[in-house]
Amino acid sequence: MGEQAIEAAVPGQVDESTAPTVKVASTDAVLAKKTASSRSAPKWETDARDRVRAAIRRYSKPLTDLVGRDANEGDTRLLVTDFLCDGLGYDKYEELTTEYQVKGEFADYGIRIDKQLVAFIEVKRCTQKLGVKHLRQVQMYAVNEGVEWMVLTNGQVWQVYHLTGGLPVVIDLALEVDLLGGTGLTAKTDALFYLSKDAFKRRLIDDLWKARAATSPKSLAQVMLSDVVLDAVRKEVRRQTGHNAEAKDLSRILREEVLRPESLV
């Protein structure tokens with residue numbers, strides 16, 4: 001399959017020199033809003049969060065050791081498999097398919113929930129920066145199999161992307177978490193909870209993706225350049241300065257001098 005256009009910049013451990021553009025919104029604000037209070041959360045959610053939290057603690061040292069000795073991709077994949085099972089709740093034999101074949105190529109993992117293929121996972125060695133070529137690789141699998149969700153990980157960094165079909169396809173970064181990063185255990189747990197089997201089965205990650213897509217730089221730029229907002233800006237400029245600017249001039253100034261070029265793609 002030929003490379004499809006992708007829409008905003010991949011953050012985190014992505015090689016910026018070749019990064020495509022992916023629609024991205026603020027992580028902390030969305031996750032904070034979507035995270036339920038432990039006092040009101042159902043038991044399945046509390047149990048899932050506890051399992052994720054315990055796994056992050058348990059695998060931090062083995063992961064640090066892998067990074068320290070620059071372990072190969074096979075060793076990294078062993079840790080990822082254990083984390084998927086122990087931390088995220090997937091059954092190794094029923095729900096994880098290794099070396100999933102897609103038109104002569106092999107995805108590292110296919111995830112099945114209730115026997116339905118729901119996501120592909122591409123694993124890289126623990127010290128490998130996640131880059132555009134890895135995203136395009138797993139994107140090819142997803143497009144060919146009609147799968148919406150893609151995961152890139154090197155064991156330390158986990159990036160979860162949503163694919164919307166079309167010409168071109170649109171890729172949204174739904175979440176990213178660094179298990180060895182500086183954010184606290186609660187923030188890491190909140191992020192990876194959405195990738196757990198229990199949350200994934202209930203499609204909670206869909207709501208997270210929609211919230212992030214709605215508040216992405218591109219989406220907000222479109223709102224700011226809409227006729228309604230431009231008219232409101234024109235009136236406010238006139239109120240504050242007495243100058244009666246034309247909406248088309250305000251649009252041009254916003255595009256050329258105010259908004260970041262990548263948000264206008």
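No hydrogens, no waters, no symmetry mates; every other heavy atom, side chains included, goes into these values.
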S.K.: Measure across Phe120 and Val147 and return the closest heavy-atom pair with its distance rounded to 0.1 Å.
M.R.: CE1-CG2, 3.9 Å
S.K.: Work out which heavy atom in Arg51 is nearest to a heavy atom in Asp198; give both atom names and the distance.
M.R.: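 Looking at all heavy atoms of both residues, the closest pair is NH2-OD2, 2.7 Å.
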S.K.: Please enumerate all residues that pass side-chain hydrogen bond (donor to acceptor under 3.5 Å, both in side chains) together with Asp249, with sequence neighbours excluded.
M.R.: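 Residues passing side-chain hydrogen bond (donor to acceptor under 3.5 Å, both in side chains) with Asp249: none at all.
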S.K.: Would Ile121 and Thr153 count as a side chain to side chain contact (heavy atoms under 4.5 Å, CB included) if you check the C-alpha gap in whole Å, the side-chain angles of each, and the deciding distance to 0.1 Å?
M.R.: CA-CA 8 Å; Ile121 302 178; Thr153 184; 4.2 Å; yes
S.K.: For Gln137 and Tyr141, what are the C-alpha separation, side-chain angles and deciding distance, and is it a side-chain hydrogen bond (donor to acceptor under 3.5 Å, both in side chains)?
M.R.: CA-CA 7 Å; Gln137 184 179 0; Tyr141 305 145; 3.2 Å; yes
S.K.: Can you name the residues that form a side-chain contact (heavy atoms from CB on, under 4.5 Å) with Val233, not counting sequence neighbours?
M.R.: Val229, Val237, Leu250
S.K.: Would you please classify the geometry between the Tyr59 ring and the Phe83 ring as parallel, tilted or perpendicular, with 30° and 60° separating the classes?
M.R.: perpendicular
S.K.: Restricting to non-hydrogen atoms, name the atom on Thr127 and the atom on Val67 that form the minimum distance, rounded to 0.1 Å.
M.R.: CG2-O, 3.7 Å
S.K.: Under the criterion side chain to side chain contact (heavy atoms under 4.5 Å, CB included), I'd like the reasoning laid out for Ile205 against Leu175: C-alpha separation, chi angles, the key distance, then a yes or no.
M.R.: CA-CA 9 Å; Ile205 198 169; Leu175 68 87; 4.3 Å; yes
S.K.: Could you list the residues that satisfy side-chain contact (heavy atoms from CB on, under 4.5 Å) with Thr97, not counting sequence neighbours?
M.R.: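 With sequence neighbours excluded, Thr97 shows a side-chain contact (heavy atoms from CB on, under 4.5 Å) to Tyr100, Arg112, given in chain and number order.
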S.K.: Closest heavy-atom contact between Leu135 and Met150?
M.R.: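 So the two residues come closest at CD1-CE, 4.4 Å.
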S.K.: Tell me whether Asn244 at atom CG has more than 12 heavy atoms from other residues, nucleotides or ligands lying less than 6.0 Å away.
M.R.: yes
S.K.: May I ask you to say whether Lys124 pairs ionically with Glu122, meaning some side-chain N is under 4.0 Å from a carboxylate O?
M.R.: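 Salt bridge between Lys124 and Glu122, a charged N being under 4.0 Å from a carboxylate O: yes.
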S.K.: Looking at Trp209, is Arg203 sitting on its ring face, NZ or CZ under 6.0 Å from the six-membered ring centre and within 45 degrees of the normal?
M.R.: no
S.K.: Are Leu185 and Leu195 grouped together when hydrophobic residues (ILVMFWY) are joined by side-chain heavy atoms under 4.5 angstrom apart?
M.R.: yes
